[in-house]
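Okay, so here's the structure we're looking at.
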There are 2 protein chains.
Amino acid sequence: MQNETIEKLIEQFRTLPSVGYKTAQRYAYSIIEGSKTRAENFSNAIIEAKTKIGFCKICGNFTDREICDICEKRNRKIVCVVKEPKDVVSMEKVKDYAGVYHVLFGTISPLENRGPDDIRIRELLERIKNDGVEEVIMATNPDVEGDATAMYIARLLNPLGVKVTRLAQGVSMGSDLEYADEVTLSRAMEERRLMR
Amino acid sequence: MQNETIEKLIEQFRTLPSVGYKTAQRYAYSIIEGSKTRAENFSNAIIEAKTKIGFCKICGNFTDREICDICEKRNRKIVCVVKEPKDVVSMEKVKDYAGVYHVLFGTISPLENRGPDDIRIRELLERIKNDGVEEVIMATNPDVEGDATAMYIARLLNPLGVKVTRLAQGVSMGSDLEYADEVTLSRAMEERRLMR
């Protein structure tokens, strides 16, 4: 236990994901030891981000407008479905993807008591009706929940005549077969492709 | 690369110790997804800490007054010397310590080009002259730099007739001998004590 003002700042840092007391204390001390300008910039950036940034009305991703840049400019007939906003940042590394996104804000997880109605599946269905979507690319994580969610959505969309695809699963570029797990190897084998 | 406002907040989080881009992004997203009140409290706590908290004129530790609570109320004839403010928090777990502290803000490190004049040794010497200090407990970390700094200060203070002690080193409570390193075991052996 230490000074109340410092404790307050430590408590704030502890509200960040996976930050325990010692890490929060280190962060708080770095603020106190740093310059006043830095503290002011930090404080303003928090308020500014919270004030300016909201959710895109179409895809749900963060934006400072009503409709985000990606939804505004790109091909809305191809929709890549991801779990979280950070996944959009990752997928954007695929330089020639010209479609748009749909952020679910979660995956179906019976264990955590999260069903289809708790993530943005209804909004996805509406987009499909309104925008004449031709392909939905399921890019949820390659884990149990991600796979289950992809499967659920595929079953929902297939009767509507929408092509649903899933990111290929297999061994990663630059990795070593020796350290690949069984599931990854089996998937890579199943999805093997013909070399011409 | 994403929205500029979000990037700004990510950049601020990256200024915290050992925070890389992905962690900073996670923190920033948690602010944006969180409530407005939480963002305001966070922002205010940063400014308040930086504005209210300064350094104690005597021991150098963080405080919101000119002289900290510990220096104000406790026995100034016993001084425990530590490397950083967080070490004061750790040492305060020793419930019956009634003395005060001296924060060096670093240790002597030839590798990092940090000599005796770069840490608060001069201030320690002044306290010893002014406060009639009887014992200086060296509680710098039990590593090369911490030991060297303790040794340096001991040599400086011994001629002044001040008793200089060092925290005992040995095997930790609850640890397993099998996993103790050589240096720790040798120290524990050297400093073994008589059981009566």
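Chain naming here is simple, since letters A, B, ... match the order of the sequence lines and numbering starts at 1 in each.
Most heavy-atom pairs under 4.5 Å with chain A, from the set B:Ile31, B:Ile6, B:Ile32, B:Thr23: that is B:Ile32. The most heavy-atom pairs under 4.5 Å with chain B, out of A:Ser30, A:Pro17, A:Ala45, come from A:Pro17. Comparing A:Cys68, A:Ser43, A:Pro85 by how many heavy-atom pairs each has under 4.5 Å with chain B, the most go to A:Ser43. When B:Lys52, B:Arg26, B:Glu84, B:Glu92 are compared by the number of non-hydrogen pairs under 4.5 Å with chain A, B:Arg26 comes out ahead.
Nearest heavy atoms, B:Ile53 versus A:Asn3: CD1-OD1, 3.5 Å. Residues A:Ala49 and B:Leu9 approach most closely at CB-CD2, 3.5 Å, considering heavy atoms.
A continuous path of ILVMFWY side-chain contacts below 4.5 Å connects B:Val94 to B:Ile137, so both sit in one hydrophobic cluster. Placement of A:Met151 and A:Val79 in two distinct hydrophobic clusters is found when ILVMFWY residues are connected by side-chain heavy-atom separations under 4.5 Å, directly or transitively. A single hydrophobic cluster is not seen to contain both A:Ile10 and B:Ile47; linkage of ILVMFWY side chains at heavy-atom distances under 4.5 Å, directly or through other members, places them apart. The hydrophobic cluster containing A:Tyr101 also contains A:Leu167, counting ILVMFWY residues as joined when their side-chain heavy atoms lie under 4.5 angstrom apart, directly or transitively. No path of Ile, Leu, Val, Met, Phe, Trp and Tyr side chains, each step under 4.5 Å between heavy atoms, connects A:Val183 with A:Leu185, placing them in separate hydrophobic clusters.
For a residue to count as touching a neighbouring chain, one of its non-hydrogen atoms must lie under 4.5 Å from one of that chain's; by this rule B:Phe13 touches chain A with backbone and side chain alike. Using a 4.5 Å cut-off between heavy atoms, A:Val19 touches chain B through its side chain atoms alone. The part of B:Gln25 that comes within reach of chain A is its side chain, from C-beta onward, which places non-hydrogen atoms under 4.5 angstrom from that chain.
Rounding to the nearest 0.5 Å gives a distance of 9.0 Å between CG of A:Asn41 and NZ of B:Lys8.
Surrounding CG of A:Asn113 are at most 12 heavy atoms belonging to other residues, nucleotides or ligands under 6.0 Å away. At most 12 heavy atoms of other shown residues, nucleotides or ligands fall within 6.0 angstrom of atom CD in B:Glu66. The environment of A:Asp181 atom CG is dense: over 12 non-hydrogen atoms of other residues, nucleotides or ligands sit within 6.0 angstrom.
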message = Evaluate A:Thr5 against B:Phe62 for side chain to side chain contact (heavy atoms under 4.5 Å, CB included), listing each step before the verdict.
response = CA-CA 11 Å; A:Thr5 311; B:Phe62 299 139; over 6 Å; no

key: Evaluation steps, side chain to side chain contact (heavy atoms under 4.5 Å, CB included), between A:Phe42 and B:Leu16   = CA-CA 10 Å; A:Phe42 207 135; B:Leu16 296 173; 3.9 Å; yes

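Put simply, the side chain of A:Lys50 never gets that close to the backbone of B:Lys36: no donor and acceptor are under 3.5 Å apart. For B:Arg38 (side chain) and A:Thr15 (main-chain N/O), a donor-acceptor pair under 3.5 Å exists by modelled atom type.
Looking at heavy atoms from C-beta onward, B:Val89 lies in side-chain contact with A:Tyr29 at the 4.5 angstrom threshold.
Under the salt bridge (Lys or Arg N to Asp or Glu O under 4.0 Å) criterion, A:Glu33 pairs with no residue at all, not counting sequence neighbours.
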